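Note that the structure is a prediction, hence the values are computed from the model and not measured.
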Amino acid sequence: MKVLLVDDEKKFVSALAQRLSLRGIEADWVTDPTEALERVTPGKYEAAVLDVKMPGMDGIELRRRLAKIDPTMKFILVTGHGSDRDYDVGMKEVSYYIIKPFKIEDLVDKLRGLSGQ
Amino acid sequence: MSETMGKLCGEGFIFFSRANRLISHELKNVLAIISETLGLLDELVALWEKGRTLEPGKLQGLTSSILEDVTRANGIIRSMNRLAHSVDEFVTETDVAEVLGLALELSRLDSASKRINMYLETAGEAVISTCPFFLHGLLFRIMHYAMRRGGPEREIRISLETEGGGCTISFGGIAPVGGGEFPTGREQSLAEALSARITMDVASGTLRVVLPRALGRSPLRSLSTQV
């Protein structure tokens, strides 16, 4: 399974990618939403894990743009915000919405759930 | 409570709430980084126990990273504490450079700050009798606007100059915009309560806040922290 991680916190996203790779999930990562738009091509990634709050473009807008490039891609939103309203907005857009900090097993379960593994 | 006072208190709650949202979000981010780094460290050690090579440099890098994040979290909590203390006395002798510094620290927690370089270019010594909490609130609102309306240089230069007992805070580098966009009535009412004046020089992209040596007739004088 190949996924793209997008989060403006470089240390977070790079450590997460290494931990996912130890679990057999190949993870590329970027810290800039515009770079994510350049990276994604149809069929390249099965799923993307997107931070909601990023400078320039939020994760919800990025999801919409990435879905236009690859309509088969699945998405998980991740955020440090934990309000009910944020959750409601996020869940309208994606199947899963995770609050930071989280257990990696939760993310792995959700990624595997998305890919039907 | 008068209508003016009610609106001012509302602005105070909004500012406090917004600052707390930024602080809690940033702390969650730092905790998430620490959690992932520790998780990775734990997994590398587990792999080493199973016979995989573990480079000491990698371990050192991860532990240094955790220490950096603890320092970062401590800085955020220190800012939160300083903000909480800004209502110890509603009207008091106030070091404007200190208020400006804290407003800048809080504004840098906003993700918009990552796309623009907003910094204190010069800071003279200015001590005035004012309401530090609402001054924080006004400067925070101005910084929020400036970060989103930066000119092509993508930098907002802030300076503080003393003038006749009072002081002027300038925000340079704001993109020229049509008249009337800023300040809005909300900033104007905060400025009025602080006996301050906001001017916007559209041609040079500079916004100025002129603060007097002491509050004039302001409803903020009636606020008391005594319970």
Side-chain angles (χ1 to χ4, degrees), chain A residues 5-25 27 29-35 49-62 76-87 89-90 97-109, chain B residues 17-18 20-50 52-55 58-59 61-73 76 107-118 144 147-148 150 154:
Chain A
L5 312 177
V6 189
D7 193 302
D8 60 324
E9 290 286 355
K10 187 178 173 182
K11 284 176 12 176
F12 170 79
V13 75
S14 64
L16 187 59
Q18 289 177 72
R19 296 186 76 196
L20 288 174
S21 79
L22 290 173
R23 288 160 173 81
I25 296 172
W29 59 270
V30 293
T31 55
D32 187 336
T34 52
E35 204 182 325
V49 179
L50 314 175
D51 186 23
V52 174
K53 198 86 176 165
M54 291 186 286
M57 190 189 309
D58 64 32
I60 290 170
E61 175 62 23
L62 179 60
I76 294 175
L77 290 174
V78 174
T79 185
H81 288 285
S83 75
D84 291 345
R85 204 179 85 180
D86 290 338
Y87 181 81
V89 171
Y97 186 89
I98 305 179
I99 308 291
K100 290 180 186 175
F102 52 81
K103 288 183 181 168
I104 193 156
E105 287 73 21
D106 289 343
L107 177 62
V108 171
D109 286 348
Chain B
S17 160
R18 179 151 176 70
N20 270 294
R21 279 212 303 270
L22 287 175
I23 288 165
S24 59
H25 178 244
E26 193 72 355
L27 284 174
K28 281 224 171 194
N29 264 335
V30 178
L31 286 173
I33 295 167
I34 292 174
S35 172
E36 286 312 311
T37 312
L38 278 172
L40 181 58
L41 191 59
D42 197 42
E43 283 156 13
L44 291 175
V45 170
L47 287 170
W48 171 74
E49 283 173 342
K50 289 177 185 168
R52 193 189 278 196
T53 309
L54 181 55
E55 294 168 27
K58 175 92 176 169
L59 280 184
L62 292 173
T63 53
S64 298
S65 168
I66 292 167
L67 286 172
E68 275 174 22
D69 291 319
V70 169
T71 304
R72 178 177 163 191
I76 299 163
S107 296
R108 282 182 178 147
L109 301 181
D110 188 328
S111 62
S113 72
K114 292 186 179 175
R115 295 177 70 85
I116 196 158
N117 181 20
M118 184 164 67
H144 180 89
M147 283 190 295
R148 287 160 176 80
R154 306 302 299 161

Asks: Do side-chain atoms of A/K100 reach the backbone of B/N29 as a donor and acceptor pair under 3.5 angstrom?
Replies: no

Asks: Less than 4.5 Å apart, any side-chain heavy atom of B/E36 and any of A/I104?
Replies: yes

Asks: What are the two closest non-hydrogen atoms of B/R52 and A/L22, and how far apart are they?
Replies: NH1-CD2, 4.0 Å

Asks: Output the distance between atom CG (A/D32) and atom NZ (B/K114), rounded to the nearest 0.5 Å.
Replies: 11.0 Å

Asks: Do B/E43 and A/R23 sit within salt-bridge range, that is, some charged N less than 4.0 Å from a carboxylate O?
Replies: yes

Asks: Which atom pair, heavy atoms only, marks the closest approach of A/P101 to B/A32?
Replies: CB-CA, 3.7 Å

Asks: Is the closest side-chain heavy-atom distance between B/L44 and A/Q18 below 4.5 Å?
Replies: no

Asks: Out of curiosity, A/F102 CZ to B/S35 OG, how far, rounded to the nearest 0.5 Å?
Replies: 8.0 Å

Asks: Using residues 51-60 of chain A as the side-chain source, report each donor-acceptor pair under 3.5 Å to any protein atom, sequence neighbours left out, with the distance given to one decimal.
Replies:
from	atom 1	to	atom 2	distance (Å)
A/D58	OD1	A/I60	N	3.1
A/D58	OD1	A/E61	N	2.8

Asks: With only heavy atoms counted, which part of A/L16 is less than 4.5 Å from chain B, the side chain, the backbone, both or neither?
Replies: both

Asks: So what's closer than 4.5 Å to chain A heavy atoms on B/L47: side chain, backbone, both or neither?
Replies: side chain

Asks: Can you give me the closest heavy-atom contact between B/T37 and A/A15, atom names plus distance?
Replies: N-CB, 4.4 Å

Asks: Over all heavy atoms of both residues, which pair between B/I33 and A/E9 is shortest? Give the atoms and the distance, please.
Replies: CD1-OE1, 3.3 Å

Asks: Could you work out, with side-chain contact (heavy atoms from CB on, under 4.5 Å) as the rule, every residue matching B/E55, not counting sequence neighbours?
Replies: B/K58

